[in-house]
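Report on the structure given below.
In what follows, residues are counted from 1 in the order of the sequence shown.
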Amino acid sequence: MLRLNQVKIKTEHNRAQLVNKAAELLRVPAGDILDMKIVRQSVDARKKPDLFYSYSLDVTVKNEDRVLHKFKGRENLVCKSVPVSYRFPKSGNKRQEHRTVIAGLGPAGLFCGYFLALHGYRPILLERGKCVEERQRDVEEFWRTGVLNPASNVQFGEGGAGTFSDGKLNTLVKDKDGRNAAVLETFVRFGAKESICYEAKPHIGTDVLRDVVRNMRNEIVRLGGEVRFQSQVTDLEIQEGRIRAAVINGNEKIPCEQMVLAIGHSARDTFSMLYENQVPMEAKSFAVGLRVEHPQVMINESQYGRKEPGKLGAAAYKVTAKGENGRGVYSFCMCPGGYVVNASSEEGCTAVNGMSYSGRNGSSANSAVIVSVTPEDFGSEHPLAGIEFQRRLERKAYELGQGKIPAQRYEVFKKQVVHDRKWGGGSNVEEMAEGTETSVENNDMQAFLPQCKGGYVWADVSKILPKECNEAFVDGMEAFGKQIQGFNSPDTILLGVESRTSSPVRIGRDDTLQSAIRGLYPCGEGAGYAGGITSAAMDGLRVAEMIAEEYAPWQ
């Protein structure tokens, strides 16, 4: 089998045309191609509005060695294909006294539990929130009424925080062992579209992701695993430096010698419990900012050269810059055709996120524009200082919006920040905070209003972030306006606060992926070892491998 790279073809094509293009590049008759598999597909928009796909293909062809010889010295175009096949490790011999316990049913815990169950370990999975069906009803009720269920919301429940997001599955993690492919293939097995295995920027959308999560849970149970909802780990029993049991809901004890901490980035009370149990952890850098919203047609035109994207679907973007004060500024979790959602999980705090359905057919494009912060910004050297830093911002957002999402036009926000930068604060432009009138002659921006899940109010959003973050944010927006026309339009909408970009804590672990508390496996995004759905799932898979290498399947 040969790997054929840089296959460029118009986006409007069928499989037969792709085969013919591959044959042309290989300089063989189309009939000599016996089989063809798409390895990677990306969009080439350098000559917009003429749009192309660029493919890498695995091709089975007659007289393979002869064809390969034609391209000697041009291996970047044609070479032998060496597919990476994922292999779960051979089981160890040590007998488990009790079944492995997994705390958290986000992607890290879910994939760890699924692969352990698949290989006979029958793990016990504990989720503090509800099953995805009940969780969806609670979240929609919160968006409709503003009444928060602290135990069942956008952050807590089956599937984790990513369940109410765009369902992006791309990752920058290197995949020399095939874990990324194994994760994507598992998603397909449980209901995702097959194209996520080769798309450069795969996504499945919140609606499909909920089905996949439910299907995976049912399979874990069928394989002998146990899944328990509304079961929060409230304490640990530790003896002689080893985990011995997990305490559930303050009154039930589950004995265990291996416990996976896949708790997610918002389990603040659990972090406090771990700290009290002297589990080693430290504050880590992350980023905070605001959701930025534009008309999707404006982003399509910038990225594709046309407002209607056709089969390509709503256009995405990724932008980065550096503020004058040296802070990094970048877009995060971009949601084409999506919504800004109230993602709060604590009373008196407001946090936002972005969400798209699989069709990405909403009228708005949004992303978080975020600014890097470090432990030096937190005001304390305490390991949990980053959590308190987040809370301060979320409380400000809650007060400004009176429980709803505070929103502001960029023109007004920028004037306030520029004023503060020049004069050091003092008076403000709060009387302009609503900014409901458009101020530019841009048909795409006319009458453009927030597209939210949950209520919003116009407010002075410049009061949420620290001054240095506001300044870097404006520097970033101005730089992004040079990359994407209209990005820094006066009528761009800002909504806040985006504070849950990643965990503010890292729980220490060694080369065996265990904490200094032996048998305790910090895992996924909450523990500080992942940054999205796929990387968290891959980390869960790594932890499952470590447990399997040491222990025999459950008898």
Side-chain angles (χ1 to χ4, degrees), residues 106 128-129 135 138-143 146-157 159-166 206 263-271 286-293 331-335 338-355 366-371 373 377-378 384-408 450-457 459 461-466 469-470 473 493-505 525-526 531-532:
R128 66 186 293 165
R135 180 188 181 197
D138 291 339
V139 168
E140 290 176 351
E141 179 71 6
F142 169 57
W143 288 338
V147 178
L148 176 69
N149 182 340
S152 180
N153 47 62
V154 171
Q155 305 297 342
F156 299 141
T163 305
F164 292 91
S165 70
D166 184 53
T206 182
I263 56 177
H265 60 42
S266 292
R268 294 166 171 174
D269 48 1
T270 306
F271 287 125
F286 60 106
V288 296
L290 305 168
R291 278 278 148 182
V292 175
E293 202 169 11
S331 60
F332 171 79
C333 187
M334 194 272 152
C335 296
Y339 301 85
V340 176
V341 304
N342 192 327
S344 305
S345 61
E346 290 185 343
E347 296 286 359
C349 293
T350 295
V352 297
N353 194 13
M355 186 185 85
N366 75 76
S367 74
V369 170
I370 52 178
V371 180
V373 292
D377 296 306
F378 302 160
L384 304 183
I387 291 175
E388 289 308 310
F389 179 82
Q390 289 176 321
R391 280 183 171 138
R392 289 196 295 272
L393 305 185
E394 292 172 14
R395 287 175 186 137
K396 289 180 184 178
Y398 184 89
E399 292 166 4
L400 284 170
Q402 298 178 330
K404 297 181 179 180
I405 299 172
Q408 188 174 35
Q451 301 296 302
C452 295
K453 296 291 185 178
Y456 71 89
V457 295
V461 172
S462 69
K463 291 183 175 180
I464 299 175
L465 298 174
C469 291
N470 276 342
F473 182 94
I493 299 171
L494 313 181
L495 306 102
V497 59
E498 181 87 22
S499 52
R500 312 283 184 94
T501 56
S502 66
S503 180
V505 177
E525 189 164 348

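- Between Phe286 and Phe332, the distance from one ring center to the other does not fall under 6.0 angstrom.
- Counting all heavy atoms, side chain and backbone alike, Asn353 lies closest to Cys333 at OD1-SG, 4.0 Å.
- Judged as a side chain to side chain contact (heavy atoms under 4.5 Å, CB included), and not counting sequence neighbours, the contacts of Ser152 are Lys130, Arg135, Asp138, Asn149.
- Listed by chain and residue number, Arg144, Thr145 satisfy the side chain to side chain contact (heavy atoms under 4.5 Å, CB included) test with Glu141 (two or more places apart in sequence, or in another chain).
- Between Phe389 and the options Pro466, Pro504, Ser499, a side chain to side chain contact (heavy atoms under 4.5 Å, CB included) holds for only Pro466.
- Paired with Pro406 under the rule side chain to side chain contact (heavy atoms under 4.5 Å, CB included), one option of Leu495, Leu494, Val352, Ile464 passes, and it is Ile464.
- Partners of Gln451 under the side chain to side chain contact (heavy atoms under 4.5 Å, CB included) rule, at least two apart in sequence or in another chain, are Glu293, Tyr339, Ser363, Ser364.
- His265 places no side-chain N or O within 3.5 Å of a backbone atom of Thr501 that could act as its donor or acceptor partner.
- Here the side chain of Ser331 pairs no donor or acceptor atom with the backbone of Ser367 at under 3.5 angstrom.
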Arg500/Glu394 under salt bridge (charged side-chain N to carboxylate O under 4.0 Å, His left out): CA gap, chis, key distance, verdict
CA-CA 10 Å; Arg500 312 283 184 94; Glu394 292 172 14; 2.8 Å; yes
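- Between the Trp143 side chain and the Asn342 main chain, a donor and an acceptor come within less than 3.5 Å of each other.
- Contact between Leu465 and Leu290 at its shortest, heavy atoms only, is CD1-CG, 4.1 Å.
- With Glu498 contributing its side chain and Arg291 its backbone, the two residues share no donor-acceptor pair below 3.5 Å.
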Please assess Lys404 against Glu399 for the test salt bridge (charged side-chain N to carboxylate O under 4.0 Å, His left out), listing each intermediate value before the final yes or no.
CA-CA 9 Å; Lys404 297 181 179 180; Glu399 292 166 4; over 6 Å; no
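- For the 3.5 Å distance criterion, the side chains of Arg395 and Thr350 fail to qualify, holding no donor opposite an acceptor.
- Taking the side chain as every heavy atom from C-beta outward, Ser344 and Tyr398 never approach each other to under 4.5 Å.
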Derivation and outcome, salt bridge (charged side-chain N to carboxylate O under 4.0 Å, His left out), residues Arg391 and Glu388:
CA-CA 5 Å; Arg391 280 183 171 138; Glu388 289 308 310; 2.6 Å; yes
